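The chains referred to below are lettered A, B, ... by the order of the sequence lines, with proteins before strands, and numbering in each begins at 1. The shown structure was predicted, so the numbers you read here are calculated from the model rather than taken from an experiment.
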Amino acid sequence: MRRIARSQPGWAERYLADLMAAPGYAGELVHVAALPARNPSYSLPDPPLPPELDSLLRRLEIPRLYAHQVAGLAHARAERDLVIATGTASGKSLTYHFPVLERLLADPRATALYLFPTKALAQDQLHGLERWATLVPALAPALKAGVYDGDTSAHTRRQLRAEARLILSNPDMLHHAILPQHSRWSRFFGALAVIVLDEIHAYRGIFGSHVANVIRRLRRICAHYGARPLVISSSATIGNAPEHAARLCGRPVAAVAADGSPRGRKWVAFWNPAPLDPTGMSRRSANLEAAAHLAALIARGVPSIAFTKSRVAAELVYRYTHERLAERGGGLAERLVAYRAGYLPAERRAIERRLFAGELLGVVSTSALELGIDIGSLDAAVLVGFPPTVASAWQQIGRAGRGRVESLAIAIAHEDPLEQLLMRRPEHFFGRTPEQAVIDPENPYVLAGHLSCAAHELPLADEELAESDGGAAFGPLAAAVTTALVESGKLAHFGGQRFWSSPETPSRAVNLRTISDDTYTIVEQGSEARVVGTVDAVSGLELVYPEAVYLHDGESYVVRQLDLEQKVAIVEAMAVDYYTQPVLENSLQVLVEERRRAWGAREREPLAEATQSLAGATQPPAAGIAGGEAPLLAFGSLAVSWRTVGMKKVQFRTRDAIGYHPLDLPRITLPTRGLWLWVGERILAEVAIDGSPYPALAGLRNLLVTVLPLTAMCDPADLGGIIDTRNLGRPCIFLFDRYPGGLGFAEQGYQRAESVLETAAQLVTSCPCRDGCPSCVALPILHPAQQQDPDLGHGRPIPSKERTIDLIARLMAVSASDSR
Amino acid sequence: MIGDPVLRAKLGALLAGRAAVGTAPAREALRPAPERVLVRGAEPLPGVVENTDRGPIFVHEVRWTAADRGQDQVLAHLAEARERLALLPESDLVPDLLALKRHAITSTLFLDLETGGLSGHPIFLAGFLMLRPGELHLRQVLARTYLEEAALIDEAERLIARHPIVLTYNGKSFDLPMLADRAVRHRIPFRPPAVHVDLLHHARRAFRRAVPNCRLVTLEWAICRRWRARGVESRDIPGIFHRFAREGDPSELAQVLHHNAHDLLTLAELLAHLIPHPPGPRLVLDSEAKPSFAFDHEG
């Protein structure tokens, strides 16, 4: 059925041995780890599966179910919510499909709802289910399914609401379109038997906190129509899958984590491109090295995937690999494809078909593929640089390896201080546990939005908000937040119920994500306009500015025109020998200082009341906070913005810069709230190295971004940290929420700054590294820019651990002496 | 996201309080919200409270005859239209008109709803106009708070069940789906009307070349030749209701009742204008023309 070429046993060891024996090998292979094989563990469901599902297993050529799949089924049959947290390619989706299908077969009225973090995932799963219905026609009545998202036509929506047994959607659609109109869904929700949450590791931080509340609203509405659905979640390997699932659903869950699927031996190799000169300051291009590996693997018939950190890098690696394969001949170049989120659905379908059929041997992708789109497994994964989290890296590595076949992952480092550190000290990678997913559904700012939505859907009753043994669904702060909403006139209280009391629709004002869903369409003008691809609106200004070279599928296009209103970029196909990189300018502006206090003082002794607003101010606001001896802390509204100010032309392969042009494009602004810390002139001077305080300030900033999430219950990616001198005339550390209007993260940092610093101190002093590492003062780039080529060396230097510790010690001395 | 600075400050205080106590803060007891006090001295709304199985509803009822100035014109037009309808051969009539012809005039119910917003918001006013020989019977049902909506829907359902023909303006897109929707929310069984005539569609066909647009208020002056004194704007009505529900000042709401009554009267008069004259010479469209259902206007 899956006819991907099977690689020979021992092939990975041979490949690595051949690399080391090759002439010109310069010791790039700095580390090789071997993870042992694992035997499969099977089990039988008891009672047995219904005949339709047995049929399906036969048609899918699956002889037996794995132990974890049967365990999942057992929990579901016993009405226990569960989370499936086994590894990549362990048959997770079957583990949730089967309990759903059992119920849909047993009860012809029953319905099921599947939620995915992206539209693409929903489409792919639907595709799979439709295929099942053709394989086993007896399943067709249960598999009356459809995707219900922003792209679904009005006609199909009506049909699905009226007739569908199984609906695939995403949390944004549920929040904006489905729940507020729940009376149209009374049939579907009234019979809802199962909710499936797939890829819940994507629901972390701010997004996860919102989604958790959307799930609570969903269950509440089901209860209104008389249903109490089971919740089945599936997660990639993260540090805390069962806790995370429980927090997301609001109920305890059983965990299925023992992976019964077989695994062959897995080799993980670290490859550091050779230095170009004796100083070792610059190295060979990681993109080119990756292309060499990918081409070599494909030439040996090994199905392989390469992951890059940005879209541009994916296109470059694809291009270079294609060239090498074309030189070899034999049609190999046609068996390589580039795969990323900007492709149209039909294109993605075509790629998947060809992969399954064994026509394709190589895929180049950004991390879009981490999110479970089912391409089957491959035998080798090439990581071009490391993704921001250890969990993501293991997911990428996990893409290689099918059944008992031996697999290989090669991680190639860029000229980036962090990646070079991992090459020197691999234990910083292998020794780390995957990150935990953290959410805070009870954040009052988040709650206020969702309680408003909930009240609009169905009035909030006293019993729902009051304490009971099961706990209020929305948490202990729900009553207080609701009272605040009533006092502000948003809700009105009548007869023990709180009603939404405004003509606006509250879900409109609540955005689940920080980036908007807006996309730019990229169109090639010719005799007829042809849509080449799409890009999200934030990346758009950095990828398809006028005169940009847009790479797609190995072809190059030049952007002729960018229409900001219509969100269309017009491109013209043109063969060029260079690509472009935008030059971005980040800036931060303090709008209003709301609060200020001395470092170490308690909050109720503010130095100044909230005063100046920006309108009409000619001087920088909050003048006076910086420039004094004493450390001060302030909190207020900020605007953080990004702008593409120019464009660099870079030659392919050589990476030579061959031109620069200024550009004039609009700014993207994030209005938010944050804190800023001025450490005082004395301390600033004392921690400077060669007159610069930046190594210490950057180290502290990175530690705060790492440590504040523990207090504020957010994700490090939800915070931004900038050292800025322009606003206040002296360098200050700014920390802000990456969400419009802020969600209280930096606010909590302001309230509890001294204890956050203590936690930072414990972290950095107990870190066993010598000079600083990603676990303490260094910070991985959490938001890789899709338009940037990491091969051009944009890494920040690792801050000085020693100076950072010094800075922290001096600040703590101030708060110790001032505390009463 | 949260614009109101006072609300934001309260949420910030909750955040700080949670941090102070730790991860398991004491649950705050639900404070009883202040009861709404009706504004003193304000003129009360016209109407009475009626008790139903689902609780109280507030009803404003008026019966107009030819002796009432303003409504006499409507009655006269309706009477003439009824006579014309009686003379029209059935074969010439579209289904809607046929239904009107076949039923007694007392079988018709004009309906117009006012809501607290677009979909997902409650209905707070259901206005009905019924016809008796020589009499217009207005019955407006008001939900004074969100709690009274269920009873309002019940009453609407009852009236619709008693009248085979329901007439609305844009009711196919708005009023009836809205009623059905809110009924589902309250779990009240709702039967759609036997015949639903949406005058918007007929008005568009008949008048679109004679008027700038087919909004009801436009047709009111262009076709019915009636002008209202300045009243509430439609788009302000939802906010007025929510404010009344929270604060209890009836003065703005009284205007909404007027507005709703006007709309219903215009609806009735519009029907009269839309019933065609018996077959005769083809009409030429002029400003006084009364084009009809039955003729083809392309000629």
K.L.:
Would you mind telling me which of B/Pro177, B/Gly117, B/Gly12, B/Pro238 has the largest number of heavy-atom pairs within less than 4.5 Å of chain A?
P.N.:
B/Gly12
K.L.:
Could you tell me which portion of B/Arg182 (side chain, backbone, both or neither) has an atom closer than 4.5 angstrom to a non-hydrogen atom of chain A?
P.N.:
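Answer is neither: B/Arg182 stays 4.5 Å or more from chain A.
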K.L.:
Please determine, among A/Arg673, A/Glu747, A/Arg184, the option with the most heavy-atom pairs under 4.5 Å with chain B.
P.N.:
A/Arg673
K.L.:
How long is the span from the CD atom in A/Gln748 to the CG atom in B/Leu15, to the nearest 0.5 Å?
P.N.:
4.0 Å
K.L.:
Given 3.5 Å as the limit, does a donor-acceptor pair link the side chain of B/His121 with the main chain of A/Ser502, or not?
P.N.:
yes
K.L.:
Salt bridge check, A/Glu457 against B/Arg185: does any charged N sit closer than 4.0 Å to a carboxylate O?
P.N.:
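Answer for the salt bridge query: no.
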K.L.:
Is A/Glu442 close to chain B through its backbone or its side chain, or both, or neither, when contacts mean heavy atoms under 4.5 Å?
P.N.:
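Both the backbone and the side chain of A/Glu442 come within 4.5 Å of chain B.
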K.L.:
Does atom CZ of B/Arg215 have more than 12 heavy-atom neighbours from other groups under 6.0 Å away?
P.N.:
no
K.L.:
With only heavy atoms counted, which part of B/Asp4 is less than 4.5 Å from chain A, the side chain, the backbone, both or neither?
P.N.:
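Looking at B/Asp4, just its side chain touches chain A.
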K.L.:
Mind checking whether A/Phe499 and B/Pro122 have side chains closer than 4.5 Å, heavy atoms only?
P.N.:
no
K.L.:
Using non-hydrogen atoms only, which part of A/Leu447 is less than 4.5 Å away from chain B: side chain, backbone, both, or neither?
P.N.:
neither
K.L.:
Any heavy-atom pair between the side chains of B/Leu118 and A/Thr505 that's under 4.5 Å?
P.N.:
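They are not in contact (no side-chain heavy atoms under 4.5 Å apart), so the answer is no.
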K.L.:
For A/Arg508, I'd like to know if atom CZ has over 12 heavy atoms of other residues, nucleotides or ligands within 6.0 Å.
P.N.:
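No, not enclosed.
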K.L.:
Sort out for me which of A/Ser452, A/Pro459, A/Gly489 touches chain B most, counting heavy-atom pairs under 4.5 Å.
P.N.:
A/Gly489
K.L.:
Which of the residues A/Ala712, A/Ser501, A/Ser183 is involved in the greatest number of heavy-atom pairs with chain B at under 4.5 angstrom?
P.N.:
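Maximum pair count with chain B is reached by A/Ser501.
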K.L.:
Can you find a heavy atom in the side chain of B/Val184 that is under 4.5 Å from one in the side chain of A/Tyr225?
P.N.:
yes
K.L.:
Around atom NE2 of B/His186, are there more than 12 heavy atoms of other residues, nucleotides or ligands at under 6.0 Å?
P.N.:
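Yes, because the 6.0 Å sphere around NE2 of B/His186 holds more than 12 heavy atoms from other groups.
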K.L.:
Using every non-hydrogen atom in the two residues, find where A/Phe494 and B/Ala245 come nearest and quote the distance to one decimal.
P.N.:
CZ-O, 2.8 Å
K.L.:
Give the minimum heavy-atom separation between B/Lys10 and A/Ala484, together with the two atoms involved.
P.N.:
CD-CB, 4.0 Å
K.L.:
Would a 4.5 Å heavy-atom cut-off, applied to side chains only, mark B/Arg8 and A/Tyr445 as touching?
P.N.:
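Yes, at least one pair of side-chain atoms sits under 4.5 Å.
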K.L.:
Could you tell me whether the side chain of B/Arg246 and the main chain of A/Leu491 form a donor-acceptor pair under 3.5 Å?
P.N.:
no
K.L.:
Top residue by heavy-atom pair count (under 4.5 Å) with chain B, among A/His182, A/Glu504, A/Gln181?
P.N.:
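Answer, by heavy-atom pair count under 4.5 Å with chain B: A/His182.
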